[in-house]
**Student:** 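Before I ask anything, here is the structure I am working with.
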Amino acid sequence: MSEEKKNVCIVILGDIGRSPRMQYHALSLAEKGHIVDIVGYGETQPVDSVKKSPFIYYHYLCPVPQIPIKLLNYAFKTLFQAFNLLFLLCSIRSPKVLVVQNPPAIPSLVVCWLFCRIIQAKFVIDWHNYAHTIMELSLPSTHILVNLTKKCEALVGARADYNFCVTEEMRKDLTKWNIMAVTLYDKPSDIFCPISLKQKHDFLLKMGQKWAEFLESDGSTIFTNEENGIVHSKRERPGFVVSSTSWTADEDFSILLAALKDYESHIEKGNVKKLPKLICVITGKGHFKEFYCKLILGWNWKHVKVITPWLDSLDYPLMLASADLGVCLHTSSSGLDLPMKVVDMFGCCLPVLAYNFRCLHELVVDGKNSYTFDSSEELSRKLLNWFENFPKNEEQKSIEERFKGELETFQQLRWRENWNNVAYYVFK
């Protein structure tokens, strides 16, 4: 007997295009023939496969008008979003299952739970982090809004039909609220994969049309050249570091900039280590981007170049796969989530330097598949060691190959297979 096809609603009280995990849920459901309605904000485009799927529809929430008084703005925003979300939920096809992303918790958890109880749909929460710990980045832990959000997460979470979460540490922590969650680890989609040297060369030529830092005066890239149709890596070339961010408070990019400043200083002073020039690409959009970009422009570095592009969903995986090393500054407000950006980098077989926090070991094992660091000084030291005598350092090449061997094992379980094994039973 063929399986009944269901209507499923996915609610993201954030930008759909910058919510990869929820888009992957939608794609997995669509591949099974279910009809998926995604509700969220339309600031950036969804991934190409979501846009092309005949089973996925997205419905945009209205931007919230801003009020200059902070507390009044929060109250207005909550009410505005609640009515806007409820209106959209009532206007789309009635779902059999509704999945909501948490954070932000208020008002999405309450509205979605009440809606599901009224129409008798399954109510599923996908825990990416805790909303109340994110609020604690800017408010005291005793603040009324923090406590209200915490109670909302606890009460509504315990009343959900199913709960997913992103780490084992979070699964254990949720039991304090009598929430029995299932750990659904983030895994890379198929678009995050290693690429050939020819693909890298062609991609960098394309990027060079917009960012001249990627090109030489003879038209070749600063990393590769092509002779008689064959692409070669240049013997003398810069190191290529990539980092991605939402430019939020839980990522302190002053740590990376301090490490890059130290790297520049080592070359300027002619210290013992033989170091290449460095290209550092920091991708993403977010609140603090303008602040850091102004800071970067004020530094007249000769040996380190920092580029801050926004890349579409097709170019982003190619940028990761073209780099020599990834850097992750994610610290987690709760210490219980894992950085999706590292999952994507691992999918491209890219080793990472990742800021260490409570449950990072569930993804990054220091010295086995990548390195972790605890300060800008340690990040600087590991950057200097990684790129010493680059790209001719045989000892460093051996470490890189060992890391990539571990990452090839990591890549064997992709999102689709993991979701089928762990999550699909909820939607049957």
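None of these values were measured; they are calculated from a predicted model.
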**Student:** Please enumerate all residues that pass ring-ring contact (aromatic ring centres under 6.0 Å, His included) together with Tyr58, with sequence neighbours excluded.
**Tutor:**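 Scan of Tyr58 (ring-ring contact (aromatic ring centres under 6.0 Å, His included), adjacent residues dropped) gives Tyr60.
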
**Student:** So does Glu31 have more than 12 non-hydrogen atoms from other groups sitting under 6.0 Å from CD?
**Tutor:**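 Enclosed.
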
**Student:** Would you list the pairs meeting salt bridge (charged side-chain N to carboxylate O under 4.0 Å, His left out) in which at least one residue belongs to residues 227-243, sequence neighbours left out?
**Tutor:**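 Passing the test, one end in residues 227-243: Glu216-Lys234, Glu236-Lys392, Arg237-Asp324.
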
**Student:** Would you say NZ of Lys151 has more than 12 non-hydrogen atoms from neighbouring residues, nucleotides or ligands within 6.0 angstrom?
**Tutor:**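 Not buried by this count: 12 neighbours or fewer within 6.0 Å.
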
**Student:** Excluding sequence neighbours, so at least two apart, what forms salt bridge (charged side-chain N to carboxylate O under 4.0 Å, His left out) with Lys198?
**Tutor:**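 With sequence neighbours excluded, Lys198 shows a salt bridge (charged side-chain N to carboxylate O under 4.0 Å, His left out) to Asp202, given in chain and number order.
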
**Student:** Counting only heavy atoms not in Lys176, do more than 12 sit closer than 6.0 Å to its NZ atom?
**Tutor:**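 Count over threshold, so yes.
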
**Student:** Do the side chain of Glu264 and the main chain of Val304 share a donor and acceptor less than 3.5 angstrom apart?
**Tutor:**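 Indeed, once roles are kept as given, a pair shorter than 3.5 Å links the two residues.
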
**Student:** Between Asp315 and Lys206, does any NZ, NE, NH1 or NH2 come within less than 4.0 Å of an OD or OE carboxylate oxygen?
**Tutor:**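 Yes, this pair counts.
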
**Student:** Are the side chain of Lys210 and the backbone N or O of Pro309 linked by a donor-acceptor pair below 3.5 Å?
**Tutor:**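 No, because the side chain of Lys210 does not come within donor-acceptor range (under 3.5 Å) of the backbone of Pro309.
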
**Student:** Does Phe214 have any side-chain contact (heavy atoms from CB on, under 4.5 Å) partners at least two apart in sequence or in another chain, and if so, which?
**Tutor:**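 Applying side-chain contact (heavy atoms from CB on, under 4.5 Å) to Phe214 gives Leu204, Met207, Trp211, Phe223, Phe240, Ile279, Val281, Ile307, Met319.
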
**Student:** Among residues at least two apart in sequence or on other chains, which ones pass ring-ring contact (aromatic ring centres under 6.0 Å, His included) with Phe387?
**Tutor:**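 Counting only residues at least two positions away or on another chain, Phe387 forms a ring-ring contact (aromatic ring centres under 6.0 Å, His included) with Phe390.
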
**Student:** Output all residues satisfying side-chain contact (heavy atoms from CB on, under 4.5 Å) with Phe55, sequence neighbours left out; order by chain, then residue number.
**Tutor:**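 If we apply the side-chain contact (heavy atoms from CB on, under 4.5 Å) test to Phe55, skipping adjacent residues, the hits are Ala30, Ile35, Ser53.
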
**Student:** Any luck finding a side-chain donor-acceptor pair between Ser333 and Thr133 under 3.5 Å?
**Tutor:**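 There is such a pair (donor and acceptor under 3.5 Å, judged by atom type) between the side chains of Ser333 and Thr133.
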
**Student:** How are the rings of Tyr425 and Tyr162 set to each other: parallel, tilted or perpendicular (split at 30° and 60°)?
**Tutor:**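 Judged by the thresholds at 30° and 60°, the geometry between Tyr425 and Tyr162 is perpendicular.
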
**Student:** Within 45° of the ring axis of Phe403 and under 6.0 Å from its six-membered ring centre, is that where the NZ or CZ of Lys368 lies?
**Tutor:**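 That pair does not qualify as a cation-pi contact.
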
**Student:** May I ask you to check whether over 12 heavy atoms, not counting those of Lys96, lie within 6.0 Å of atom NZ?
**Tutor:**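 No.
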
**Student:** Could you tell me which residues satisfy side-chain contact (heavy atoms from CB on, under 4.5 Å) with Leu215, sequence neighbours excluded, listed by chain and number?
**Tutor:**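 Leu215 satisfies side-chain contact (heavy atoms from CB on, under 4.5 Å) with Leu205, Thr221 once adjacent residues are dropped.
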
**Student:** Decide yes or no on salt bridge (charged side-chain N to carboxylate O under 4.0 Å, His left out) for Lys382 and Glu378, but give the supporting numbers first.
**Tutor:** CA-CA 6 Å; Lys382 290 187 173 178; Glu378 190 176 2; 3.4 Å; yes

**Student:** Does the cation-pi check pass for Arg93 over Tyr57, that is, NZ or CZ under 6.0 Å from the six-membered ring centre and within 45° of its axis?
**Tutor:**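 Satisfied, under 6.0 Å and within 45°.
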
**Student:** Quick one: list whatever passes ring-ring contact (aromatic ring centres under 6.0 Å, His included) with Phe346, sequence neighbours left out.
**Tutor:**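 In terms of ring-ring contact (aromatic ring centres under 6.0 Å, His included), with neighbours along the sequence ignored, Phe346 is linked to Phe410.
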
**Student:** Side-chain donor-acceptor contacts of residues 186-197 below 3.5 Å, not counting sequence neighbours, with atom names and distances?
**Tutor:**
unit_1	atom_1	unit_2	atom_2	d
Asp186	OD1	Arg21	NH1	2.8
Ser189	OG	Tyr24	OH	3.4
Asp190	OD2	Arg416	NH1	2.9
Ser196	OG	Gln199	N	3.1
Ser196	OG	Gln199	OE1	3.3

**Student:** Suppose we screen for side-chain contact (heavy atoms from CB on, under 4.5 Å). Which residues come up paired with Trp177, at least two apart in sequence or across chains?
**Tutor:**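 Only Trp127, Tyr130, His132, Lys150, Glu153, Ala154, Leu174, Ile179 meet the side-chain contact (heavy atoms from CB on, under 4.5 Å) criterion with Trp177.
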
**Student:** Considering residues, nucleotides and ligands other than Lys77, do more than 12 of their heavy atoms fall under 6.0 Å from its NZ?
**Tutor:**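 Counting neighbours around NZ of Lys77, 12 or fewer heavy atoms of other residues, nucleotides or ligands fall under 6.0 Å, so no.
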
**Student:** Should Val11 and Leu89 be marked as a side chain to side chain contact (heavy atoms under 4.5 Å, CB included) after you check the CA-CA gap, both sets of side-chain angles, and the distance that decides it?
**Tutor:** CA-CA 9 Å; Val11 174; Leu89 290 175; 4.1 Å; yes

**Student:** If the plane angle is over 60° it's perpendicular, under 30° parallel, otherwise tilted; pick one for Tyr424 and His34.
**Tutor:**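 Rings of Tyr424 and His34: tilted, as their planes differ by 30° to 60°.
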
**Student:** Just checking, is any N or O donor in the side chain of Glu168 or Thr183 under 3.5 Å from an acceptor N or O on the other one?
**Tutor:**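 Thr183 and Glu168 do have a side-chain donor-acceptor pair below 3.5 Å.
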
**Student:** If you measure only the distance, is there a donor-acceptor pair under 3.5 Å linking the side chains of Asn225 and Ser220?
**Tutor:**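 Checked: Asn225/Ser220 side chains show no N/O donor-acceptor pair below 3.5 Å.
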
**Student:** Salt bridge or not between Lys404 and Glu400? Use side-chain N to carboxylate O under 4.0 Å.
**Tutor:**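 Result for this pair is yes, salt bridge flagged.
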
**Student:** Applying salt bridge (charged side-chain N to carboxylate O under 4.0 Å, His left out) as the test, list every pair that has at least one member in residues 105-117; sequence neighbours left out.
**Tutor:**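 Residue pairs passing salt bridge (charged side-chain N to carboxylate O under 4.0 Å, His left out), neighbours aside: Arg117-Asp161.
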
**Student:** List the residues meeting ring-ring contact (aromatic ring centres under 6.0 Å, His included) with Tyr74, not counting sequence neighbours, and say none if there are none.
**Tutor:**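 Here no residue qualifies.
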
**Student:** Between His303 and Tyr263, does the ring centre distance come in under 6.0 Å?
**Tutor:**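 Between Tyr263 and His303, which both carry aromatic rings, the centre distance is not below 6.0 Å.
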
